[in-house]
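Reckoned from all heavy atoms, side chains included, excluding hydrogens, waters and symmetry mates.
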Amino acid sequence: MITKENILAIAKKTILSESEAITKLIDFLDENFYEAVQRIYETKGRLIVTGIGKSAIIAQKMVATFNSTGTPSMFLHASEAIHGDLGMIQNEDIIICISKSGNSPEIKVLVPLLKRFGNTLIAITGNTTSFLAKGSDYVLNTTVETEACPINLAPTNSTTAQLVMGDALAVCLMEMRDFKPEDFAVYHPGGALGKKLLLRVKDMIEHSLKPMVTPDTSVKKVIFEISEKRLGVTAVIENDKIIGIITDGDIRRMLNDVDTIADLTAKDIMSRNPKSVSSETMAVDALNILEDFSITQLIVADNGEYKGVLHLHDILKEGIV
């Protein structure tokens, strides 16, 4: 009978097996890897990544990673290549061919065709004496002793090793290109990740209200201003400068402490030196400030000029957390 303990033990054994296979890749890194990275970095062409079966799936993931990190790439399915798709390859393109055995029938047909075009061919293979390895300019060794699969057949350790080798290439190229978060944002503008990299405070307050009072405004009018603008806060402005902030929390605390508000004004209850950001601040950085100080609003000001209020709800609504 398969018990919970058995299942957890199998899962742990699988993860350990794959992690050990990855660790051994370190010993396979050599001049071939260095030269391959240099050739990809220096080429004016694209990176074409090809494979068959499970290796083709790994190739597609590699292409996605390369494209989002500044290395223009295309996927070429090995079996489709010999039926017309070879036409996508241009003179200065570099080709990565992925195959565990390096001896599959499709690879044996494809390699001579690729070499006929004169393109640089990089092999990612678990068999350094294979047909693919012998026909390639550079060989990246992803040999694994066994698969994590209990019958040693389903690609597990081998495909993980291929994937990790591709990531190693991509990260090296990122470092060489001094690839920055703003560069990543250019290639990945969509979704929560894109918003984290692109969204600025000014994008969220462009159409928001600007609650404000003067130091001499009565507390009654302060309450009206906070209620009307519905941001739970108002800035206190004097001579076009922000001198303080009043939140709905300040109002509640004041009502607990006094019997009458008739003679009170904004300056009596405001908090001085409020936390503020510029409109050019990244939204994710503003969120970090809100979390660090356990507050829900930030004053937005550019060179002392009041621009509005950023509320935690504005950030949450954008879905970047």
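- Crowding of Lys229 atom NZ: a count of heavy atoms from other residues, nucleotides or ligands under 6.0 Å exceeding 12.
- Counting heavy atoms from C-beta on, the side chains of Thr217 and Thr234 never come closer than 4.5 Å.
- Within the 3.5 Å criterion, the main-chain N or O of Lys61 finds a donor-acceptor partner in the side chain of Thr65.
- Residues Ile251 and Val213 are members of one and the same hydrophobic cluster, defined by side-chain heavy-atom contacts under 4.5 angstrom among Ile, Leu, Val, Met, Phe, Trp and Tyr.
- Closest non-hydrogen pair, Leu298 versus Ala286, comes out as CD1-O, 3.7 Å.
- Under the 4.5 Å side-chain heavy-atom criterion for ILVMFWY residues, a single connected hydrophobic cluster contains both Met88 and Val111.
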Should Thr247 and Thr296 be marked as a side chain to side chain contact (heavy atoms under 4.5 Å, CB included) after you check the CA-CA gap, both sets of side-chain angles, and the distance that decides it? CA-CA 10 Å; Thr247 67; Thr296 56; over 6 Å; no

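- Asn141 places none of its side-chain heavy atoms less than 4.5 Å from the side chain of Leu29.
- Using modelled atom types, one side-chain atom of Thr23 and one backbone atom of Ser19 make a donor-acceptor pair closer than 3.5 Å.
- Heavy-atom minimum distance, Ile122 versus Ala36: CD1-CB, 3.8 Å.
- Side-chain contact between Asn6 and Lys4 is absent, with no heavy atoms from C-beta onward closer than 4.5 Å.
- For the residue pair Gly102 and Ile107, the shortest heavy atom distance occurs at O-CG2, 3.9 Å.
- A donor-acceptor contact shorter than 3.5 Å links the side chain of Ser227 to the backbone of Ile223.
- Looking at Ser17 and Thr14, their side chains never bring a donor and an acceptor atom within 3.5 Å of each other.
- Contact of the Asp250 side chain with the Ser271 side chain is registered, since non-hydrogen atoms from C-beta on lie closer than 4.5 Å.
- The number of heavy atoms from other shown groups lying within 6.0 Å of CD (Glu145) does not exceed 12.
- The structure places CD1 of Ile243 at 3.5 Å from CE of Met270, a figure rounded to the nearest 0.5 Å.
- The CG atom of Leu110 sits 12.0 Å away from atom CD of Glu80, with the distance rounded to the nearest 0.5 Å.
- In terms of modelled atom types and a separation under 3.5 Å, the side chain of Thr156 and the main chain of Ala148 share a donor-acceptor contact.
- Side-chain contact check for Lys115 versus Asp137: some heavy-atom pair is nearer than 4.5 Å.
- Under the 4.0 Å criterion applied to side-chain N and carboxylate O atoms, Asp216 and Lys221 are not assigned as salt-bridge partners.
- In this structure, Ile52 and His77 approach most closely via the heavy-atom pair CD1-CE1, 3.4 Å.
- Both Val236 and Val219 are part of a single hydrophobic cluster, where members link through side-chain heavy atoms under 4.5 Å apart.
- For Glu175, the CD atom sits in a loose shell: 12 or fewer heavy atoms of surrounding residues, nucleotides or ligands are nearer than 6.0 Å.
- For the residue pair Thr146/Asn152, the side-chain donor-acceptor check at 3.5 Å is not satisfied.
- Few gaps surround CG on Asp257; more than 12 heavy atoms of other groups in view lie less than 6.0 Å from it.
- With 3.5 Å as the limit, one finds a donor-acceptor pair spanning the side chains of Glu18 and Thr160.
- Residues Pro274 and Ile245 approach most closely at CB-CG2, 3.5 Å, considering heavy atoms.
- Within the structure, every pair that satisfies the side-chain hydrogen bond (donor to acceptor under 3.5 Å, both in side chains) test and touches residues 94-111, not counting sequence neighbours, is listed here: Lys100-Glu147.
- Both Val222 and Leu264 are members of a single hydrophobic cluster when ILVMFWY side chains are connected at heavy-atom separations under 4.5 Å.
- Lys12 is not listed as a side-chain neighbour of Leu16, based on a closest heavy-atom distance of 4.5 Å or more.
- The main-chain N or O of Gln90 is found under 3.5 Å from a side-chain atom of Asn119 such that the two form a donor-acceptor pair.
- Listed by first and then second residue, the ring-ring contact (aromatic ring centres under 6.0 Å, His included) pairs involving residues 13-66 amount to none (not counting sequence neighbours).
- Of the inter-residue distances, the one linking Lys44 atom NZ with Asn91 atom CG reads 13.5 Å to the nearest 0.5 angstrom.
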Does the pair Arg200 and Asp285 meet the rule for a salt bridge (Lys or Arg N to Asp or Glu O under 4.0 Å), with working shown? CA-CA 9 Å; Arg200 297 182 183 273; Asp285 293 331; over 6 Å; no

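- Contact check for Val49 versus Ile98: side-chain heavy atoms found under the 4.5 Å cut-off.
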Given side chain to side chain contact (heavy atoms under 4.5 Å, CB included), test Ile7 with Ile2 step by step and report yes or no. CA-CA 7 Å; Ile7 291 173; Ile2 298 295; 3.4 Å; yes

Between Leu121 and Cys97, is the side chain to side chain contact (heavy atoms under 4.5 Å, CB included) condition met? List the steps. CA-CA 7 Å; Leu121 179 59; Cys97 186; 4.0 Å; yes

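- A salt bridge is absent between Arg230 and Asp248: the closest approach of a Lys/Arg side-chain nitrogen to an acidic carboxylate oxygen does not fall below 4.0 angstrom.
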Can Ser73 and Ile48 be said to form a side chain to side chain contact (heavy atoms under 4.5 Å, CB included), step by step? CA-CA 6 Å; Ser73 304; Ile48 308 296; over 6 Å; no

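- Residues Ala123 and Ala133 come closest through the heavy atom pair CB-CA, 4.5 Å.
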Contacts table for residues 303-316: side-chain donor-acceptor under 3.5 angstrom, sequence neighbours left out:
| from | atom 1 | to | atom 2 | distance (Å) |
| --- | --- | --- | --- | --- |
| Tyr306 | OH | Pro211 | O | 2.7 |
| His311 | ND1 | His313 | N | 3.0 |
| Asp314 | OD2 | His311 | N | 2.9 |

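- Expressed to the nearest 0.5 Å, how far CD of Gln162 lies from CE of Met62 amounts to 6.5 Å.
- Annotation: the span from Met212 atom CE to Glu225 atom CD amounts to 8.0 Å, rounded to 0.5 Å.
- No more than 12 heavy atoms of other residues, nucleotides or ligands sit less than 6.0 Å from atom CG of Asp263.
- Judged by distance alone, the side chain of Asn32 and the main-chain N or O of Val139 form a donor-acceptor pair under 3.5 Å.
- There is a path of hydrophobic side-chain contacts, each under 4.5 Å, that joins Leu132 to Leu113.
- Of the possible polar contacts, none joining the Asn256 side chain to the Arg253 backbone as a donor-acceptor pair under 3.5 Å is found.
- Within a 6.0 Å radius of CG in Asn273, no more than 12 heavy atoms belonging to other residues, nucleotides or ligands are found.
- Here the CD1-OG distance, from Ile124 to Ser55, works out to 9.5 Å after rounding to the nearest 0.5 Å.
- When side chains are defined from C-beta on, Thr50 does not count as touching Ile96, because their heavy atoms never get closer than 4.5 Å.
- Checked by atom type and distance alone, the side chain of Thr281 pairs as donor or acceptor with a backbone atom of Ser278 at under 3.5 Å.
- Asp85 contributes no side-chain N or O that, together with a main-chain N or O of Leu76, makes up a donor-acceptor pair within less than 3.5 Å.
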